[in-house]
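Below is one structure, written out as structure tokens; comments come after it.
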Amino acid sequence: MKEILTNGVTRRNLLKTSAAAALIGAVKAAFPSGAFAATGGAEVTGAKLGYIALTDAAPLVIAKEKGFFEKHGLPDVDVAKQASWGATRDNLVLGGAANGIDGAHILSPLPYLMHTGKVTQNNQPVPMAILARLNYDSQGISVAKEYAATGVQLDASKLKAAFDAKRAAGKEIKAAMTFPGGTHDLWMRYWLAAGGIDPDKDVSTIVVPPPQMVANMKVGNMDVFCVGEPWNEQLVNQGIGFTACTTGEIWKGHPEKALGMRADWIEKNPKAAKALLMAVMEAQQWCDSMDNKEEMATILGKRQWFNVPPKDVLGRLKGDINYGNGRLAKGTDLYMKFWKGGVSYPFQSHDAWFITENIRWGKFVPNTDIKALVGQVNRQDIWRDAAKDLGVAASDIPTSTSRGKEIFFDGKVFDPENPSAYLESLSIKVAS
């Protein structure tokens, strides 16, 4: 039983607050003209953030471990593991005040699906905001060992004959992803469709939480899966399957996870929201340094975070890829990016692609006003304010909300100014 002192405060919380206050004092002394002066005092001293055990959650984990939240006046930020993306959604719907969470490391399309009520109970919209992109690249599409002889890599069509034969034998082809309409669902669908395999007709898509992917493939519950690291690497390390391709090979420099927050939390705590973002941005800079990769892998591997061997994290952080099918690639540029090159900035053009792909597969109606929806959720304006207060060099702040046309491995081009032309160019789709 907790020992209550006065006004509902526990001795444990009092000690925790006192220790945090001492730490903040020390940090203020070390950074006298830093973020404390810039934010002018946040409305709250913390927030409840969720994360999934994926390498791209590193900015939140590192911000907590390295004291960046404390540095920016938020000593009470709680970074709590979520069991699945469904649990992340449910806890965001609840909100921190109701024992849920205020924000999260999140699949970039998920705030849009929640904002419009597409994936919530009774289709009730939950106003959401995207404050930053957390990373680019370094997800993977993994295939069960039984398909090694197909030689499948970036060209998924090499699986067609094997899939046809398995279906003819009365067996189901299962393609696992982490959340319908999420990034892994979209990478899997893009890859299959580019190879002439219809993800809605030729395979059965199933939802599996990231940390459960390897165990499920080990017992034969799926033929292919798409997930972030360290799970593709762990699959290879355990000799259960192989990586057909990394998602950076499908779309080089693609956006992946985001820092998503409930919009009402931002409205109530605008200074805290900016301070929170600044802490995460500093963590992204730390994560981006090659000098920090080994320490980062060790931290993420800890029991309280991912509970995996650091070697499962480290290789692909550095661009060293053992595909598990005889291919070894050292020092590639397919490693996970966290900062350089505008990674942290939430380009609105990227969110436009996520919405367009979800129109392609029937999650949004064809006449969705993409630009208006992006404008409601994407808060790149807060990112720019945070970057200014953080002293980010002008050269590291994108001058436009669009990164322009994007080119995919199969030659398809997405022009954010003309999403319909992109949709028309795709042969396999639900949208008409």
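Everything numeric in this text was worked out from a predicted model, so none of it was measured. As a basis for the values below, the full set of heavy atoms in this structure was taken, side chains included, without hydrogen atoms, waters or symmetry mates.
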Given side chains that start at C-beta, do those of [X] and [Y] come closer than 4.5 Å, heavy atoms only?
| X | Y | value |
| --- | --- | --- |
| Ile359 | Leu423 | yes |
| Trp231 | Leu54 | yes |
| Leu373 | Phe364 | yes |
| Ile106 | Lys257 | no |
| Arg384 | Ile397 | yes |

For the student: nearest non-hydrogen atoms of [X] and [Y], plus distance:
| X | Y | value |
| --- | --- | --- |
| Pro59 | Val280 | CB-CG1, 4.0 Å |
| Leu49 | Ala104 | CD2-N, 4.3 Å |
| Lys271 | Ala42 | CB-CA, 4.0 Å |
| Ile130 | Asp351 | CD1-OD2, 3.8 Å |
| Leu74 | Gly46 | CD2-N, 4.1 Å |

message: One pair to check against ring-ring contact (aromatic ring centres under 6.0 Å, His included): His184 and Trp85. What are the steps and the verdict?
response: CA-CA 11 Å; His184 303 118; Trp85 292 117; 7.3 Å; no
- request: With side-chain hydrogen bond (donor to acceptor under 3.5 Å, both in side chains) as the test, would you mind laying out the steps for Asp56 and Gln139 before giving the verdict?
  value: CA-CA 9 Å; Asp56 42 43; Gln139 316 297 294; 3.1 Å; yes
Does a side-chain N-to-carboxylate-O contact under 4.0 Å join [X] and [Y]?
| X | Y | answer |
| --- | --- | --- |
| Arg189 | Asp185 | yes |
| Lys412 | Glu406 | no |
| Asp320 | Lys293 | no |
| Asp385 | Lys274 | no |
| Lys64 | Asp78 | no |
| Asp102 | Lys48 | no |
| Glu295 | Lys66 | yes |

Among side-chain atoms of [X] and [Y], is any donor-acceptor pair under 3.5 angstrom?
| X | Y | value |
| --- | --- | --- |
| Thr246 | Glu249 | yes |
| Asn418 | Ser420 | yes |
| Asn358 | Tyr112 | no |
| Tyr335 | Asp137 | no |
| Trp305 | Glu65 | yes |
| Trp187 | Glu256 | yes |
| Trp361 | Glu357 | yes |
| Ser108 | Arg133 | yes |

Measure the spacing between [atom1] of [X] and [atom2] of [Y] and express it to the nearest 0.5 Å.
| X | Y | atom1 | atom2 | value |
| --- | --- | --- | --- | --- |
| Gln285 | Phe68 | CD | CZ | 8.0 Å |
| Arg316 | Asn232 | CZ | CG | 5.5 Å |
| Glu229 | Leu314 | CD | CG | 12.0 Å |
| Ser344 | Gln284 | OG | CD | 3.5 Å |

query: Passes ring-ring contact (aromatic ring centres under 6.0 Å, His included), Phe408 versus Trp353? Steps please.
result: CA-CA 12 Å; Phe408 298 80; Trp353 182 82; 5.6 Å; yes
query: Do the ring centers of Phe414 and Tyr422 come within less than 6.0 Å of each other?
result: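 Yes, they do, as the ring centres are separated by less than 6.0 Å.
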query: Would Glu282 and His72 satisfy side-chain hydrogen bond (donor to acceptor under 3.5 Å, both in side chains), going step by step from the backbone distance to the final call?
result: CA-CA 10 Å; Glu282 280 210 57; His72 291 281; 2.7 Å; yes
- prompt: What's the verdict on side-chain hydrogen bond (donor to acceptor under 3.5 Å, both in side chains) for Tyr345 and Gln380, showing C-alpha distance, side-chain angles and the deciding distance?
  reply: CA-CA 7 Å; Tyr345 178 73; Gln380 59 82 33; 2.8 Å; yes
field: Worked verdict on His350 versus Trp251 for ring-ring contact (aromatic ring centres under 6.0 Å, His included)
entry: CA-CA 12 Å; His350 289 160; Trp251 175 10; 5.8 Å; yes
